[in-house]
Amino acid sequence: MNVDELLKYEPSKSFEDSRKTRFHENDNFEPKKKIKTGNLDHLTEKERLEVLKMLENEPEVEPFTETSLRKLMTQFDKKFAKNQEMRIKYPENPEKFMESEIELNQVIQEMHTVSTRPDFYPILLDSSFLQSLLSLISHENIDISAAAVSLLQELTDLESSMEYLEEIKVLIDYLFEQQVFSLLISNLDRFDESNKDESEAVHNTMAIFENMIEAKPSLSVESSKQGLLPWLLKRIKVKGPFDSNKLYAAELLSILVQNHDENRKSVGELDGIDILLLQIAYYKKHNPASAEEYEYMENLFDCLCSCLMLPANRLKFLHAEGLQLMRLILREQKNARHSALKVLSYAMNNLEGKENCQAFVEMLGLGILFPLFMKPADSRKKKNKENHNYDEYVVSIISSLLKNCSDDNKNRVIGKFVESDHEKIDRLIELYFKYKEQVEKVRFSDEEDMEDREDELYLKKLENGLFALQAIVYIIVDIYINGQESIKNRINKLLNLRNESKKSVVKILKEYQENLGDDETKSSSEIQQENDRINNLIQNFK
């Protein structure tokens, strides 16, 4: 609220109506972006001199000191008290309290300077300022509420003041003790996102959530208990065109479920799996219209993958017909295909994926999966997007099918490798050598202290194709032992052509077996079962 708005005030209208006349309802909100200052090389010499002259003539800004802060806080206290007094005294007469609201809004804007000096935050914490600021979030005037949210967002912003991280964390601890998540979430329903300024206030509110969780990751679970997770699910569920706030909500949801089983469980209990699938279903027939929407789509899939790491959610995914949706997405030539493969790999792996593996084969999913297995990844490059490694997802799914399917369904999977003159075995061995060569190139430039860095090297190999190679080796050994004689003959022939011994194949399988204990996604009983399975495969791979 500013002086121009005051001059435009019409007594015949209600205060709320007069406020709304200031906005263009069709304005599309775009979040404020930080402006990066660059050099002046793109300017002519004359323009450069003019800019430098303007900078020289700029009046010197007085440094913001502790005295400046205390003076500003005193002004804030006065304006805050005056506005409270005028609203109590003249509750039905906006003309009487509007001036005090303009003054209060102005002093809130001036308080933004404090965010540049986090070393002064202890002074704020020792005063009543923060308590007053939090009370303004629920102020009757939505503009004052939005201004308070904007200030709080800047005060908690980590990027601007990483050197004062501890001071910001102390502030965040205080805000959490004051139930700021509940306060902000209950306030969100007041904002009308068709209004540009109020949409920005919603964005700033989510930025506060992100700032606090980034500084204190333990707040991920606590924030959900105060209502953040349900609100985020509700926000991405809102019908209407894609916008930046929907993107931000999906990003925050992805952060909340990334490493916390408690939040994953809450998503399942709140019908979040259904909500995610409903949002993803749009991209079965449509490509994202922009890079931002592509990121939103990816966030939805990432949220689903994280939630599928909880066994209970895999059954919810199955019952919500998630497999059918992923199968339909794979049939379409749309950007969502690679993400659908990723979801299937998460839904089917480990023992908890058994029901999904059985259902996938029975719904004729093999007819969609194996053509993707035969198609080189390079032919599926997406515009404006790096080439995703489809191979890893596909071989992960096939290895899971071999591990989890019953005899009849497993035979259907193995039978695919006999079709078309064993062309899929040719492809499988081609992938084996491709990833073996890729993994063998992974090494440290400094060969010293290699014994102390074996775990680090193993992780680096996993990032560069070892995970895919291990799945490929598992498939080779399993179909060799459990498949027809023609499969054995083809594998032997192709390995011999490259002078590759079976010992080399077994060595990769043993390395996988040795590192099973490091897999946090598997229970101790599952690790033992996997060990027994691999021992059996190794003994019979002759």
Side-chain angles (χ1 to χ4, degrees), residues 31 34 115 118-119 121-122 124-125 130 134 149 152-186 188 202-236 245-270 272-273 276 295-296 298-313 346 455-456 459 462-463 518-521:
K34 293 176 182 175
S115 65
D119 50 322
Y121 284 7
L124 299 182
L125 289 162
L130 288 171
L134 291 177
V149 166
L152 200 56
Q153 186 274 322
E154 288 205 6
L155 291 174
T156 56
D157 186 9
L158 300 182
E159 291 184 8
S160 59
S161 306
M162 285 301 291
E163 61 183 303
Y164 296 110
L165 184 58
E166 289 308 311
E167 286 82 355
I168 297 176
K169 282 184 176 181
V170 172
L171 170 64
I172 286 171
D173 284 337
Y174 170 82
L175 294 174
F176 178 70
E177 290 169 7
Q178 301 301 311
Q179 303 283 305
V180 72
F181 284 104
S182 296
L183 176 62
L184 289 169
I185 291 163
S186 62
L188 281 166
V202 172
H203 194 274
N204 285 335
T205 302
M206 287 192 281
I208 296 170
F209 298 149
E210 183 181 24
N211 293 341
M212 293 182 68
I213 292 169
E214 184 181 353
K216 307 271 293 190
S218 60
L219 295 181
S220 291
V221 175
E222 295 301 323
S223 64
S224 296
K225 290 178 180 177
Q226 291 190 27
L228 178 55
L229 197 150
W231 184 85
L232 292 173
L233 287 171
K234 177 184 171 184
R235 182 59 185 81
I236 64 172
N245 283 346
K246 185 172 278 195
L247 169 61
Y248 209 164
E251 286 176 357
L252 282 176
L253 183 60
S254 178
I255 291 169
L256 291 184
V257 299
Q258 189 171 16
N259 297 308
H260 300 282
D261 274 349
E262 195 168 341
N263 285 343
R264 293 167 184 159
K265 182 181 178 183
S266 295
V267 170
E269 292 172 347
L270 293 164
I273 302 299
L276 289 169
E295 185 181 352
Y296 166 70
E298 290 282 272
N299 282 326
L300 293 175
F301 279 105
D302 287 344
C303 288
L304 186 55
C305 288
S306 292
C307 290
L308 289 174
M309 294 179 75
L310 192 72
N313 285 337
Y346 273 78
D455 290 345
E456 187 180 347
L459 290 173
L462 283 175
E463 294 170 0
D518 298 331
D519 191 343
E520 296 178 357
T521 66

Quiz prompt | Closest approach of P217 to H260 (non-hydrogen atoms, all atoms of both residues) | solution = O-NE2, 4.0 Å
Practice problem: Return the minimal non-hydrogen interatomic distance between C307 and V267, and the atom names on each side. | Solution: SG-CG1, 3.7 Å
Practice problem: Calculate, to the nearest 0.5 Å, the distance between atoms CE and CD belonging to M206 and E251 respectively. | Solution: 9.0 Å
Quiz item: Do L229 and L233 come within less than 4.5 Å of each other through their side chains, counting heavy atoms only?
Solution: yes
Practice problem: Tell me, please, which residues at least two apart from T156 pass side chain to side chain donor-acceptor pair (under 3.5 Å). | Solution: N211
Practice problem: Give the C-alpha distance, both sets of side-chain angles, the deciding distance and a yes or no for side-chain contact (heavy atoms from CB on, under 4.5 Å) between L155 and L175. | Solution: CA-CA 11 Å; L155 291 174; L175 294 174; over 6 Å; no
Quiz item: Do the non-hydrogen side-chain atoms of P122 and V170 ever get within less than 4.5 Å of each other?
Solution: no
Quiz item: For the atom pair CG (L247) and CG (L300), what is the distance rounded to the nearest 0.5 Å?
Solution: 9.5 Å
Quiz item: Roughly how far, to the nearest 0.5 Å, is SG of C305 from CG of N313?
Solution: 12.0 Å
Quiz prompt | Nearest atoms (heavy-atom pairs only) where Y121 meets E167 | solution = CD2-O, 4.0 Å
Practice problem: Using modelled atom types only, decide if a donor and an acceptor are shared between the side chain of N299 and the backbone of E295 within a distance under 3.5 Å. | Solution: yes
Quiz item: If you look at every heavy atom in A207 and Q153, which pair is closest and at what distance?
Solution: CB-CG, 3.5 Å
Quiz item: How far apart are the closest heavy atoms of A250 and C303, and which atoms are they?
Solution: O-SG, 3.8 Å
Self-check item: D302: side chain to side chain donor-acceptor pair (under 3.5 Å) partners, not counting sequence neighbours
Solution: K342
Quiz prompt | Reported CD1-to-CG distance for the pair I208 and L184, which is rounded to 0.5 angstrom | solution = 5.0 Å
Quiz item: What residues form a side chain to side chain donor-acceptor pair (under 3.5 Å) with N259, not counting sequence neighbours?
Solution: none
Practice problem: Could you pull out all residues at least two apart from Q258 that satisfy side-chain contact (heavy atoms from CB on, under 4.5 Å)? | Solution: none
Self-check item: Gap separating the CD1 atom of I168 from the CG atom of D119, nearest 0.5 angstrom
Solution: 10.5 Å
Practice problem: Could you tell me which residues satisfy ring pair (Phe, Tyr, Trp, His ring centres under 6.0 Å) with Y346, sequence neighbours excluded, listed by chain and number? | Solution: none
Quiz item: How many angstroms lie between CG in L171 and OG in S115, if you round to the nearest 0.5 Å?
Solution: 11.0 Å
Quiz item: Taking all atoms of both residues into account, what is the closest heavy-atom pair of P230 and S224, and its distance?
Solution: CD-O, 4.1 Å
Quiz prompt | L152 and V180, any side-chain heavy atoms less than 4.5 Å apart | solution = yes
Practice problem: Applying side-chain contact (heavy atoms from CB on, under 4.5 Å), name anything that partners D261, two or more places apart in sequence or on another chain. | Solution: R264, L310
Practice problem: Could you go through the side-chain contact (heavy atoms from CB on, under 4.5 Å) check for L256 and I213 one step at a time? | Solution: CA-CA 9 Å; L256 291 184; I213 292 169; 3.7 Å; yes
Quiz item: Could you give all pairs that pass the ring-ring contact (aromatic ring centres under 6.0 Å, His included) test and reach residues 207-236, with sequence neighbours left out?
Solution: F181-F209
Practice problem: Sequence neighbours left out, what passes salt bridge (Lys or Arg N to Asp or Glu O under 4.0 Å) with E262? Give chain and number order. | Solution: K225
Quiz prompt | Pairs where residues 174-185 contributes a residue and the test side chain to side chain donor-acceptor pair (under 3.5 Å) is met, not counting sequence neighbours | solution = Q131-Y174, S182-Q226
Quiz item: With sequence neighbours excluded, what pairs up with E210 under the side chain to side chain donor-acceptor pair (under 3.5 Å) test?
Solution: Y248
